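Owing to the predicted nature of the structure, the values given are computational and were not obtained by experimental measurement. Letters A, B, ... mirror the listed sequences (proteins, then strands); counts begin at 1.
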There are 2 protein chains.
Amino acid sequence: MEIPQIEELELLHANICQALGDPKRIQILYALHGEPRYVSALADDLGMPQPTVSRHLQVLRQRSLVLTERDGQTVVYSLADPRIIEVLSVMRQIMRDALDRQTNVLA
Amino acid sequence: MEIPQIEELELLHANICQALGDPKRIQILYALHGEPRYVSALADDLGMPQPTVSRHLQVLRQRSLVLTERDGQTVVYSLADPRIIEVLSVMRQIMRDALDRQTNVLA
DNA sequence: CCAATGTATTCGGATAGGCGAATAGATGCA
DNA sequence: TGCATCTATTCGCCTATCCGAATACATTGG
């Protein structure tokens, strides 16, 4: 019986999760929900420096979580897959339920 | 108009995602799917040293992703919420679709 | 109490990831 | 071309995380 190795799928999987593991990137993804935005618009909306937003967008792009399209001087970013927001929402619900359980235990 | 700050929810959210952002922890979560296990059983199954498994389990526990129950000498870990696996599966599907898109573009 | 078994933690070193600041690159237009 | 605007990258520093190895802690049974 072989020892199970860490498969490529697990690595990719972890890679995606890791990309979601930063508060600013989560904000960015939610901000892209519904309407594509360009970089400085995101920066203004979220109150982050433009280079910061750009760096985070690169991370998301490398993981295929966002898509880009150049439009003249600006680069428009959009969610690559609406299910990303679904996943985040479910996680948020899981989180909330876990917090509720803890609160109930303490009460 | 105030600049939107990073809310507590986003921090928690990122925290959860970050916990999922490690291949070994993903393996552990899948291994806990269906049946609770105790630490050394997991270590044997996954071919990881026991302290490694234990450390990762602590990370998952802090985020309320797994639950523990002591049973004599052993400590039994279980998934705190089956939706965690659902979320991981959806992410896996999102990932696969993204890979397919890339392949199609290249072809 | 002591030994055996199972689990958790600590330590040190290596690696990765975040940020601000500065700068480089790309595009459009006069 | 030259300038303004928008985006991406680099640099240095700091912090967080991971790992193996060793060790501490907890529980059971003799």
Under 4.0 Å, heavy atoms only, any strand: does Arg55(B) hit a base, just the sugar-phosphate, or nothing?
base
Can a side chain N or O of Gln58(B) be found less than 4.0 Å away from OP1 or OP2 on dA8(C)?
yes
Phosphate-side-chain proximity, Tyr77(B) and dA8(C), N/O vs OP1/OP2 below 4.0 Å
yes
Less than 4.0 angstrom from a charged side-chain N to a carboxylate O is my criterion; do Glu10(A) and Arg92(B) meet it?
yes
Flag if over 12 foreign heavy atoms under 6.0 Å of CD, Gln58(B):
yes
Using a 4.0 Å heavy-atom cut-off, does Ser54(A) contact any base of the nucleic acid, only the sugar-phosphate backbone, or nothing at all?
base
Quick one: which of dT5(D), dG20(C), dA8(D) gets closest to the side chain of Val75(A)?
dA8(D)
Picking from dT7(C), dT7(D), dA22(C), which would you name as closest to the side chain of Ser40(B)?
dT7(C)
Just to be sure I understand the rule, does Arg61(B) reach a base, reach only the sugar-phosphate, or reach nothing, if contact means heavy atoms closer than 4.0 Å?
nothing
Should His56(A) be listed as having a side-chain N or O under 4.0 Å from OP1 or OP2 of dC19(C)?
yes
Which is true for Gln18(A) with a 4.0 Å heavy-atom rule: it touches a base, it touches only sugar-phosphate, or it touches nothing?
sugar-phosphate
Candidate pair Arg83(A) and Asp81(A), rule salt bridge (Lys or Arg N to Asp or Glu O under 4.0 Å), full reasoning
CA-CA 5 Å; Arg83(A) 287 174 294 178; Asp81(A) 193 319; 2.7 Å; yes
Hey, does Gln50(B) reach any base, or is it just sugar-phosphate, or nothing, if we go heavy atoms under 4.0 Å?
base
